[in-house]
2 protein chains.
Amino acid sequence: MAQQPDTVTRILDTAEVLFAERGFAETSLRNITSKAKVNLAAVNYHFGSKKALIQAVFARYLDPFTVRFHAALDELEADHAGGVIPLEELLETMARSVLEVPAERNSLKVFMRLLGLAYSQAQGHLRRYIQEEYGGVFTRFTELVRLATPELPDAERFWRLHFMLGTVIFTLSGLDALRDIAEKDYGEHVSVRDLVRRLRPVVVAAMNAPLPEPAPAQRQAG
Amino acid sequence: MAQQPDTVTRILDTAEVLFAERGFAETSLRNITSKAKVNLAAVNYHFGSKKALIQAVFARYLDPFTVRFHAALDELEADHAGGVIPLEELLETMARSVLEVPAERNSLKVFMRLLGLAYSQAQGHLRRYIQEEYGGVFTRFTELVRLATPELPDAERFWRLHFMLGTVIFTLSGLDALRDIAEKDYGEHVSVRDLVRRLRPVVVAAMNAPLPEPAPAQRQAG
DNA sequence: GGGACTTTCAAACAATTGTTTCCAATGACG
DNA sequence: CGTCATTGGAAACAATTGTTTGAAAGTCCC
């Protein structure tokens with residue numbers, strides 16, 4: 001037989017694509033195993049359960065990502081020895097780290113779609129797993145963002161970061177559908193890199209937006 | 001018994017909550033009917049199928065929304081007779097329309113979560129249904145936005161609108177989880193209205209962000 | 001009050017799900 | 001060569017899914 005990837009890899013490769021296309025609950029193990037041309041029992045044999053398979057799919061992206069991102073942040077901190085790292089550079093570094101990992105397998109779309117699913121699908125175990133396993137690097141990043149934007153109240157920065165997270169995940173995870181519309185309406189084919197290029201000024205402007213007017217006193221009219 | 005809502009309403013009320021909490025595929029008809037205290041067959045009897053039930057849940061929000069939104073846009077156009085409506089007012093009007101509908105049932109969170117699911121879950125039939133049934137009002141809105149932002153290339157405006165759509169849907173549909181974190185870290189309880197207040201300057205700044213640097217020539221610069 | 005409906009109900013349906021079982025094939029090692 | 005643990009595979013498992021059935025109960029109008 002040809003040098004076919006081993007069973008575990010074939011399962012992961014197939015599972016991530018199907019999960020990204022249809023979600024977790026809508027993808028049965030039989031869908032995966034038949035398309036991957038492995039035996040049905042192989043999933044439970046190698047991974048233990050469907051939940052564990054889902055986590056393994058994420059780990060294959062997030063493990064290298066956290067390594068790279070930590071390294072990139074190390075480098076950035078060294079460059080600005082002790083000083084504050086500008087917001088643009090932080091965002092740039094994150095974008096680069098996110099893009100690098102799946103680039104090897106031409107699967108950024110899949111990666112983003114999976115991230116979107118992790119947020120939107122029920123799968124409580126997944127959110128818990130990701131938070132426990134990969135929360136650290138995100139904490140480090142937000143701390144650096146805090147130093148870069150001292151004028152922002154903590155709560156405001158927290159929300160704006162999540163606003164932007166929403167922008168990126170929503171856009172890139174719904175990319176196929178949006179791309180179809182865009183292509184039809186504007187005849188323009190958009191690559192992921194095009195989108196990142198478009199995202200940059202928007203995200204920076206959003207983070208630097210003026211502060212909202214203070215909340216009106218709870219009961220009393222403003 | 002007391003003046004309990006009729007079967008159809010009880011099913012819809014229960015279904016929307018469960019769908020919002022767990023997604024469509026993860027919510028079985030038995031979950032719904034048992035919690036709603038109606039017979040299992042009632043769903044298929046009144047709605048025909050689970051798909052039709054899902055669509056009915058959306059219709060109950062989107063029908064009144066489109067009516068209100070169209071009316072609000074009519075009013076806005078009348079105020080600016082023939083002239084251009086400023087972007088801020090357009091966004092403001094949309095926000096107000098979105099907030100008004102579920103306010104009657106205190107269920108904005110559910111509404112937003114459902115919108116998020118409509119984008120992220122497989123459910124191709126849902127996207128098609130929403131597009132066909134409610135695409136018109138969105139088209140009208142984007143056309144007004146086009147007039148308000150003549151300096152933006154069409155494609156750029158298209159993407160920025162979707163960026164902001166992502167921000168709003170992602171934030172408000174993941175509100176519970178985010179709220180927990182925010183409350184724990186900043187001791188601050190956020191209401192939906194707080195969030196809208198915070199969103200306003202961010203969205204405006206994002207739409208008015210400087211244009212991205214032109215794409216590096218792909219084959220031939222346009 | 002009786003006939004024509006609509007609505008409710010318990011039960012069963014066929015299909016699909018994740019998981020487990022048991023046996024054959026494989027390969028390493030003494 | 002023979003032994004034994006490991007891995008692969010077809011089939012069966014129990015549980016759950018959406019849907020349908022057919023009869024009972026309720027409702028309305030003439």
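These figures come from a predicted structure and were not determined experimentally. Note on naming: letters A, B, ... go to the chains in the order of the sequence lines (proteins, then strands), and numbering restarts at 1 for each one.
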Kindly write out the residues that satisfy side-chain contact (heavy atoms from CB on, under 4.5 Å) with B:Ser49, not counting sequence neighbours, or none if the list is empty.
B:Lys51, B:Ala52
If the sugar-phosphate is the primed atoms plus P, OP1 and OP2 and the base is the rest, what is the B/S/- string for nucleotides 6-22 of chain C, using protein heavy atoms under 4.0 Å?
SBBBB-B----BBBB--
Run the side-chain donor-acceptor check on residues 200-207 of chain A: report pairs under 3.5 Å with partners two or more places apart or on a different chain.
unit_1, atom_1, unit_2, atom_2, d
A:Arg200, NH1, A:Glu92, OE1, 2.4
A:Arg200, NH1, A:Glu92, OE2, 2.8

Among all residues two or more places apart in sequence or in another chain, which pass the side-chain contact (heavy atoms from CB on, under 4.5 Å) test with B:Arg146?
B:Glu143, B:Asp154, B:Arg157
Please enumerate all residues that pass ring-ring contact (aromatic ring centres under 6.0 Å, His included) together with A:Tyr129, with sequence neighbours excluded.
none
Hits for ring-ring contact (aromatic ring centres under 6.0 Å, His included) against A:Phe163, two or more places apart or cross-chain, chain-then-number order -> none
